[in-house]
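For reference, the structure discussed in these notes is given below.
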Amino acid sequence: MRVLKATTLSLLVAASATFHAGANAPDDDGAIVHALGRLGFGARPGDVERVRAMGLDKYIERQLEPSKIDDSRVAERLAQFQTLALSNSEIVSKYYTPPQQQNRAQNRPPQPPPPPTEPGQMAVPAEMRQLRNQANLPIIELSQQKLLRAIYSDRQLEEVLVDFWFNHFNVFQGKGQFARFYLTEYEREAIRPHVLGKFRDMLGATAKSPAMLWYLDNWMSAAPDTDVQMAAARRARGGGRPGMQQPAQPQRPPRGLNENYGRELLELHTLGVDGGYTQQDVVEVARAFTGWTIEAPRRGGGNFLFNPRMHDNGAKTVLGTPIPAGGGQRDGERVLDMLAAHPSTARHIARKLATRFVSDTPSQALVDRAAKVFLDTGGDLKHVTRAIVTSPEFMAAEARGVKVKTPLEFAVSAIRASGAEVRNAAPLVQQLRTLGMPLYGAQPPTGYDDTAASWINSGALIARMNFAAALAANRLPGTRVPAADPEPLARRLGSPQFQKR
């Protein structure tokens with residue numbers, strides 16, 4: 001393990017002390033409400049009093065150590081779900097393979113599972129409905145657990161960060177046949193364990209995740225002159241070994257170099273759009289990740305596999321740094337090492353975190369300080385997060401009530417504020433579709449935007465007011481608000497002030 005230098009250690013102590021010294025440890029109720037809305041999904045009845053008794057600085061430090069917070073009540077709520085602990089292979093074999101076997105038995109071509117029925121769609125035949133219900137169970141349960149964790153977990157900062165980092169490393173659940181079956185393991189193994197750990201660890205976990213490999217097509221990426229590529233090209237032309245006549249059948253297009261992952265790795269995951277890379281760097285990075293694929297996805301597999309037959313073993317140059325020939329899988333690892341330690345990555349990550357926690361337009365001074373912590377700690381996200389959420393900028397009066405809630409944040413904060421009991425989260429999942437933010441449903445690699453411009457319009461505000469009115473009047477199936485006059489509650493939850501955090 002790397003030992004921190006004395007200067008770095010001093011910096012970390014200073015960063016940890018910023019809240020105590022620079023912000024004078026404000027414990028007024030306004031500061032507490034602000035912190036509960038930024039570090040979590042808003043206050044529940046009694047939360048302000050509990051934090052006041054504890055002290056806000058202690059509450060923040062406690063949230064930065066989620067493993068020390070008892071969350072057994074959430075675990076009890078999640079015990080009802082069948083799929084949350086399953087591996088990719090188990091989910092594929094149990095929820096994808098049987099319906100496809102049924103298709104083959106009835107001479108129908110394999111097909112992706114139909115999406116959940118949208119309001120207003122025509123009824124579907126019973127057989128197709130059964131297929132949909134079986135194939136969609138993993139993503140349905142994953143969506144419900146996300147809501148239940150956000151609503152009930154005492155590890156609020158961890159849940160905010162899981163949402164933030166999943167969005168940063170976004171995977172769209174509707175991509176092709178397999179994305180939705182890989183997301184359970186992706187969030188559980190590649191995102192959640194690393195949100196307060198080392199950025200390099202999360203970067204590597206997402207790079208090797210079948211969910212990301214499938215979503216950005218890297219599982220098919222092969223150097224043009226590899227054995228696998230040439231064999232695929234022969235099959236696409238209808239040929240095989242010389243002198244052999246091949247049966248006429250539809251063929252997949254030949255695999256070649258795919259730049260999708262290389263481009264998003266540089267532009268979104270690490271350096272940022274202005275991070276100093278070129279198109280040639282995109283190509284070289286894509287070459288480095290050839291052979292990073294998925295083990296037998298169409299036969300029920302779901303594990304990362306490095307296939308040397310697909311890999312471009314030639315020499316490469318990324319960001320001016322030579323990568324010698326013959327490196328195999330290590331080529332991609334070297335690229336990840338390089339990017340995780342790059343100053344542009346530090347600035348990009350610092351700015352995104354500051355945007356999430358402080359302002360749509362965070363100050364350059366805050367971004368620079370957080371980026372320095374990132375570099376000095378080897379990308380330790382706990383220290384970077386602490387530097388931001390204990391900063392004077394975080395607690396400044398002008399930072400309060402200016403961040404517009406996303407539909408997820410609005411819906412969850414409304415349920416928390418009302419003290420509602422959620423007995424069935426499935427209708428709430430559908431409500432988020434109505435509010436314009438289907439869970440795991442962001443199609444572009446950018447994920448959902450975190451700034452006001454994306455969420456403020458007349459239609460969105462009306463939808464939120466309708467949600468607030470339905471919640472307050474106990475008209476949301478599966479969710480019950482304690483007996484009270486619904487009109488004042490509906491007005492409060494639908495007010496412009498409640499739209500912000």
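Residue numbers start at 1 and run along the sequence shown.
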Report the distance from atom [atom1] of [X] to atom [atom2] of [Y], rounding to the nearest 0.5 Å.
X      : Y      : atom1 : atom2 : value
Thr345 : Leu339 : OG1   : CG    : 5.5 Å
Asp217 : Asn258 : CG    : CG    : 5.0 Å
Arg287 : Thr317 : CZ    : OG1   : 8.5 Å
Arg192 : Leu161 : CZ    : CG    : 10.5 Å
Met338 : Leu319 : CE    : CG    : 6.0 Å
Leu336 : Asp201 : CG    : CG    : 11.0 Å

Considering only heavy atoms from C-beta outward, does the side chain of [X] approach that of [Y] to under 4.5 Å?
X      : Y      : value
Trp165 : His194 : no
Thr83  : Tyr95  : yes
Leu39  : Val160 : no
Glu393 : Arg369 : yes
Gln145 : Glu187 : yes
Val335 : Ile323 : yes
Asp380 : Leu196 : no
Thr290 : Leu257 : yes

Practice task
Go through Arg330 and Asp337 one step at a time and tell me if the salt bridge (charged side-chain N to carboxylate O under 4.0 Å, His left out) criterion holds.
Solution key: CA-CA 10 Å; Arg330 180 60 187 157; Asp337 290 343; 3.1 Å; yes
Problem - From CA spacing to verdict: salt bridge (charged side-chain N to carboxylate O under 4.0 Å, His left out), Glu65, Arg155 - result: CA-CA 9 Å; Glu65 298 284 351; Arg155 302 174 180 180; over 6 Å; no
Counting distance only, does the side-chain N/O of [X] pair as donor-acceptor with the main-chain N or O of [Y] below 3.5 Å?
X      : Y      : value
Gln156 : Gln63  : no
His34  : Met395 : no
Ser344 : Leu271 : no
Lys405 : Gln499 : no
Asn457 : Ala460 : yes
Ser359 : Thr355 : no
Glu90  : Ser87  : yes
Asp331 : Phe289 : no
Tyr261 : Tyr215 : no
Lys316 : Asp312 : yes

Testing the basics here: between [X] and [Y], what is the closest heavy-atom pair and its distance to 0.1 Å?
X      : Y      : value
Val402 : Val358 : CG2-O, 4.4 Å
Gly302 : Ser89  : N-OG, 3.4 Å
Ala354 : Leu366 : CB-CD2, 4.0 Å
Pro138 : Ile91  : CG-CG2, 3.7 Å
Lys352 : Phe164 : O-CE1, 3.6 Å
Ala325 : Ala315 : CB-N, 3.6 Å

Exercise for the section: Give a yes/no verdict on a cation-pi contact between Lys94 and Phe181, requiring under 6.0 Å between NZ or CZ and the six-membered ring centre and an angle within 45° of the axis. Expected result: no
Exercise for the section: Measure from NZ or CZ of Lys208 to the centre of the six-membered ring of Phe304, then state whether that distance is under 6.0 Å and the direction lies within 45° of the axis. Expected result: yes
Exercise for the section: Apply the salt bridge (Lys or Arg N to Asp or Glu O under 4.0 Å) test between Glu409 and each candidate in Lys500, Lys403, Arg356; give the one that qualifies. Expected result: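 One option only clears the test, and that one is Arg356.
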Exercise for the section: Answer yes when Arg351 and Asp450 have at least one side-chain N-carboxylate O distance shorter than 4.0 Å, and no when they do not. Expected result: no
Practice task
Using a strict cut-off of less than 4.0 Å between a Lys/Arg side-chain nitrogen and an Asp/Glu carboxylate oxygen, indicate whether Lys146 and Glu141 qualify as a salt bridge.
Solution key: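 So Lys146 does not pair with Glu141 through a salt bridge.
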Practice task
Only one of Trp292, Phe306, Trp214, Tyr182 passes ring pair (Phe, Tyr, Trp, His ring centres under 6.0 Å) with Trp219; say which it is.
Solution key: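 Considering Trp292, Phe306, Trp214, Tyr182, a ring pair (Phe, Tyr, Trp, His ring centres under 6.0 Å) with Trp219 is found only for Trp214.
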Exercise for the section: Test side chain to side chain contact (heavy atoms under 4.5 Å, CB included) on Val74 and Asp154 and set out the steps. Expected result: CA-CA 9 Å; Val74 171; Asp154 288 329; over 6 Å; no
Practice task
For ring-ring contact (aromatic ring centres under 6.0 Å, His included), just list the numbers for Phe166 and Tyr186, CA-CA rounded to whole Å, side-chain angles, deciding distance to a tenth of an Å, and then say yes or no.
Solution key: CA-CA 9 Å; Phe166 187 101; Tyr186 180 62; 5.6 Å; yes
Handout entry: Ser153-Asp71 side chain donor-acceptor pair, cut-off 3.5 Å
Key =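 Distance-only check passes for Ser153 and Asp71.
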Problem - Polar side chain donor-acceptor pair, Glu259 to Gln279, under 3.5 angstrom - result: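 Present: a donor and an acceptor within the cut-off.
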Handout entry: Steps toward side chain to side chain contact (heavy atoms under 4.5 Å, CB included) verdict (Ile349, Thr270)
Key = CA-CA 7 Å; Ile349 299 304; Thr270 58; over 6 Å; no
Problem - Residues Asp163, Thr406; criterion side chain to side chain contact (heavy atoms under 4.5 Å, CB included); working and verdict - result: CA-CA 11 Å; Asp163 180 61; Thr406 67; 5.7 Å; no
Problem - Ring-ring centroid check Phe178 Tyr96, cutoff 6.0 Å - result: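 Yes, the ring of Phe178 comes within the 6.0 Å limit of the ring of Tyr96, centre to centre.
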Problem - Close aromatic pair by centroid cut-off 6.0 Å: His383 and Phe374 - result: no
Practice task
Give the intermediate values and the outcome of salt bridge (charged side-chain N to carboxylate O under 4.0 Å, His left out) for residues Asp368 and Arg347.
Solution key: CA-CA 7 Å; Asp368 289 345; Arg347 289 190 293 270; over 6 Å; no
Problem - Aromatic plane relationship, His269 with His168 - under 30° parallel, 30 to 60° tilted, over 60° perpendicular - result: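 The rings of His168 and His269 sit tilted, inter-plane angle from 30° to 60°.
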Exercise for the section: Could you walk me through whether Met202 and Ile191 pass the side chain to side chain contact (heavy atoms under 4.5 Å, CB included) test, one step at a time? Expected result: CA-CA 6 Å; Met202 182 155 46; Ile191 302 294; 4.2 Å; yes
Exercise for the section: Decide if atom NZ of Lys382 counts as having more than 12 heavy atoms of other residues, nucleotides or ligands within a radius under 6.0 Å. Expected result: yes
Handout entry: Residues Glu61, Arg386; criterion salt bridge (charged side-chain N to carboxylate O under 4.0 Å, His left out); working and verdict
Key = CA-CA 8 Å; Glu61 286 302 317; Arg386 178 186 283 114; 3.1 Å; yes
